[in-house]
Q: 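Structure provided below as structure tokens; questions to follow.
When a ligand or atom number is given, it counts from 1 through the structure's own listing order. Below, all heavy atoms of this structure are taken into account, side chains as well, without hydrogens, waters or symmetry copies.
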Amino acid sequence: MSRIDLHLHTTHSDGSLRPSEVLALAKQADVTTLAVTDHDITTGIPEALAAGSELGIEVIPGVEISCSTDGKGELHILGYGIQWQDPRFNERLSALRASRHRRNPMIIERLRAAGLDITYGEVQALAGTESVGRPHIAQVLMQKKYVASAREAFDRYLAEGRPAYVTRELPTPAEAIGWIREAKGIAVLAHPTWVKESSAGLPLLVSALKDAGLAGVEVHYSTHSRSDTNRYLELSRKLDLLVTGGSDFHGLTKPDIAVGTGRGGLKVSPKLLAPLKEAVARL
Ligand code: AMP
Ligand code: ZN
Ligand code: FE
Ligand code: FE
């Protein structure tokens with residue numbers, strides 16, 4: 001049965017597989033349309049498009065941008081159908097990558113202060129991309145046997161509240177949404193469970209994001225429970241927002257998440273595509 005997957009990471013950010021390798025897995029999983037949504041970078045899109053035309057998989061150009069929240073957890077905005085070669089958009093993303101490079105050495109300092117032998121050079125070499133994130137640091141810690149998994153690296157060192165956590169400068173959600181719209185893409189709230197909001201607070205927040213130009217909500221997601229999915233489905237209906245979904249596949253750093261099927265139960269319907277494409281075409 002065919003399915004789609006609108007949330008995938010590659011080696012161009014913190015995923016461990018190249019775009020062509022991700023597309024090969026998508027083919028095996030009967031994924032007919034997918035979006036590559038690397039963090040703060042669009043360089044993986046040409047390889048994905050080429051592999052897609054070879055394998056008969058439709059590729060939607062995407063991106064994922066982490067935003068500031070005033071202590072309310074992580075708020076990520078996905079962009080779909082963006083004009084990924086737009087110079088101004090890529091300058092914005094380049095500035096976000098620069099903020100990563102300002103933060104990451106501070107994380108390394110803290111790890112070194114905790115007695116771990118790690119350098120930022122090692123992390124950059126492993127990453128092999130300009131969009132260097134905490135999962136790359138976690139991978140180096142795994143290679144050096146300081147931790148057995150990326151999860152352990154986050155739980156012990158890298159997550160918020162842990163000894164090596166350092167924030168970086170992040171755009172506001174309204175800024176990220178505005179940049180995506182300027183690049184002729186539609187903006188979607190990623191994995192809403194990551195936002196630390198009460199069940200009464202989230203609709204207010206999402207409604208404010210809609211006023212800022214948000215077009216949709218990632219209702220279907222690898223780690224959503226059935227009741228999460230139903231709640232977000234209802235919220236999208238109420239606020240007249242598009243419904244999207246994806247696995248957030250990363251490869252090695254999230255080994256329990258598979259392309260197309262998430263933890264096994266994910267199934268994002270191709271029926272969601274028509275309204276999404278209409279929204280992109282209207283921009
Ligand atoms: P960064 O953008 O460099 O701050 O890293 C954040 C990324 O790390 C997120 O987008 C997730 O992909 C990943 N991440 C966050 N928390 C965890 C965790 N507990 N385990 C594995 N990966 C995580
Ligand atoms: Zn990631
Ligand atoms: Fe995310
Ligand atoms: Fe993601």
Q: Quick check: are there more than 12 heavy atoms from other residues, nucleotides or ligands sitting under 6.0 Å from NZ of Lys184?
A: no

Q: Could a heavy atom of His136 be found less than 4.0 Å from some atom of ligand 1?
A: no

Q: With the Fe ion (ligand 4) as the centre, enumerate protein N/O/S atoms below 2.8 Å in chain and residue order.
A: His7 NE2, His9 NE2, Glu64 OE1, Asp248 OD1

Q: Could Arg97 and Asp40 be called an ion pair, given the rule that one side-chain N must be under 4.0 Å from one carboxylate O?
A: no

Q: Regarding ligand 1, does His250 bring an N or O atom to under 3.5 Å of one of the ligand's N or O atoms?
A: yes

Q: Hey, which atoms in ligand 1 end up nearer than 4.0 Å to a heavy atom of His76?
A: 10 (O)

Q: Quick check on Arg151: does its CZ atom have over 12 non-hydrogen neighbours (other residues, nucleotides or ligands) under 6.0 Å away?
A: no

Q: Determine yes or no for a side-chain-to-main-chain donor-acceptor pair under 3.5 angstrom, with Tyr80 supplying the side chain and Thr244 the backbone.
A: no

Q: Select one of side chain, backbone, both or neither to describe which atoms of Lys254 lie under 4.0 Å from any atom of ligand 1, heavy atoms only.
A: side chain

Q: Which ligand 1 atoms does Gly133 reach within 4.0 Å, using its non-hydrogen atoms?
A: 3 (O)

Q: Are the side chain of Lys144 and the backbone N or O of Asp117 linked by a donor-acceptor pair below 3.5 Å?
A: yes

Q: Distance from Thr42 atom OG1 to His12 atom NE2, nearest 0.5 Å?
A: 10.0 Å

Q: Look at atom 2 (O) of ligand 1 and find which of Arg151, Arg134, His39, Arg100 reaches it with the closest heavy atom.
A: Arg100

Q: Hey, looking at atom 14 (N) of ligand 1, which of Tyr165, Phe154, Trp194 has the closest heavy atom?
A: Phe154

Q: Please write out which residues are connected to Trp194 in a hydrophobic cluster, directly or through intermediates, given that two of Ile, Leu, Val, Met, Phe, Trp, Tyr count as joined at side-chain heavy-atom separations below 4.5 angstrom.
A: Tyr221

Q: Output yes when the distance from some N or O of ligand 1 to some N or O of Arg168 is under 3.5 Å, and no in every other case.
A: yes

Q: Would you say Ala159 contacts ligand 1, with heavy atoms under 4.0 Å as the rule?
A: no

Q: Checking contacts here: is it the side chain or the backbone of Arg103 that comes within 4.0 Å of ligand 1, counting heavy atoms only? Could be both or neither.
A: side chain

Q: Does atom CD of Glu54 have more than 12 heavy-atom neighbours, drawn from other residues, nucleotides or ligands, at distances under 6.0 Å?
A: no

Q: I need the minimum non-hydrogen distance between Ile177 and Gly213, along with the two atoms involved.
A: CG2-C, 3.5 Å

Q: His9: heavy atom below 4.0 Å from ligand 1, yes or no?
A: no

Q: Above 12 or not: heavy atoms from other molecules or residues under 6.0 Å from CZ of Arg103?
A: yes

Q: Check this for me: Lys72, atom NZ, are more than 12 non-hydrogen atoms of other residues, nucleotides or ligands nearer than 6.0 Å?
A: no

